[in-house]
K.L.:
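One structure, pasted below without further comment.
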Amino acid sequence: MFLLMKLKKDMNTAFKFFDMYVKLSEKELIVPVDTILNKCYYNSAFIANEVKNNAVVVDYGRKLVERGQGSESVDMLICQALQRAENIDEWKEALKEAIKRHPESFFFYAALIDHYIAHNEAAKALKYAD
């Protein structure tokens, strides 16, 4: 518990800790416990988001999705990172995939609709509004 409280105060140290576990398990130097590995992927993506390391957010977020751990918060992290990186085409695709995984979540619809309206693509916006 003390370690987690300390890590929350120092994002860079926390990232190194979680990222090391992920990398060691990917190289098969340790046998990961899936629940721990998933948490390390998520924590690494979350911390990377906090320090604006978009590439890591997207990479680890997508690995979580591939592992069947694609929660709404993971998709939000991925979409935010792609938008910050101004990778608009990939961002739109990520939003569409998130809508498929989370049809009840308004966040993804709203972001896509706002984008289409801002770019005078009302027909596309209406498609998602319906």
K.L.:
Kindly indicate, with the supporting measurements, whether the criterion side-chain contact (heavy atoms from CB on, under 4.5 Å) is fulfilled by L37 and R67.
P.N.:
CA-CA 10 Å; L37 182 57; R67 295 173 60 80; 3.7 Å; yes
K.L.:
Run the salt bridge (Lys or Arg N to Asp or Glu O under 4.0 Å) test against E50 and tell me which residues pass, sequence neighbours left out.
P.N.:
none
K.L.:
With side chains defined as the heavy atoms from C-beta onward, is the minimum distance between K92 and Y116 less than 4.5 Å?
P.N.:
yes
K.L.:
Are any of the side-chain heavy atoms of I78 and V65 separated by less than 4.5 Å?
P.N.:
yes
K.L.:
Could you measure the distance from the CD1 atom of I113 to the CD atom of E121? Nearest 0.5 Å is fine.
P.N.:
13.0 Å
K.L.:
State, with a plain yes or no, whether a side-chain heavy atom of W91 is found less than 4.5 Å away from one of H115.
P.N.:
yes
K.L.:
Nearest 0.5 Å please: distance from the SG atom of C40 over to the CG atom of D19.
P.N.:
9.5 Å
K.L.:
Is a side-chain N or O of N49 found less than 3.5 angstrom from the main chain of A45, in a donor-acceptor match?
P.N.:
no
K.L.:
Compare every heavy atom of L82 with every heavy atom of R62, then report the nearest pair and how far apart it is.
P.N.:
NH2-CD1, 3.8 Å
K.L.:
How many angstroms lie between atom CE of M20 and atom NZ of K23, to the nearest 0.5 angstrom?
P.N.:
10.5 Å
K.L.:
Kindly compute the distance separating CG (L77) from CD1 (I47), expressed to the nearest 0.5 Å.
P.N.:
11.5 Å
K.L.:
What distance do K100 atom NZ and L95 atom CG have between them, rounded to the nearest 0.5 Å?
P.N.:
12.5 Å
K.L.:
Tell me whether S105 contacts the main-chain N or O of H102 through its side chain, where contact means a donor paired with an acceptor under 3.5 Å.
P.N.:
no
K.L.:
I need the N38 CG to N43 CG distance, nearest 0.5 Å.
P.N.:
11.0 Å
K.L.:
Strictly by ring pair (Phe, Tyr, Trp, His ring centres under 6.0 Å), give each pair with a member in residues 38-66 just once, sequence neighbours left out.
P.N.:
Y41-Y60
K.L.:
Indicate the atoms forming the closest heavy-atom contact of S44 with V22, along with that distance.
P.N.:
OG-CG2, 4.5 Å
K.L.:
May I ask you to say whether E93 pairs ionically with K96, meaning some side-chain N is under 4.0 Å from a carboxylate O?
P.N.:
yes
K.L.:
Can you see which heavy atom on V74 is nearest to which on Q69, and at what distance?
P.N.:
CG2-O, 3.8 Å
K.L.:
Does atom CD of E104 have more than 12 heavy-atom neighbours, drawn from other residues, nucleotides or ligands, at distances under 6.0 Å?
P.N.:
yes
K.L.:
side-chain contact (heavy atoms from CB on, under 4.5 Å), that's the test. Do E72 and F108 meet it? Break it down for me.
P.N.:
CA-CA 9 Å; E72 186 176 342; F108 306 109; 3.8 Å; yes
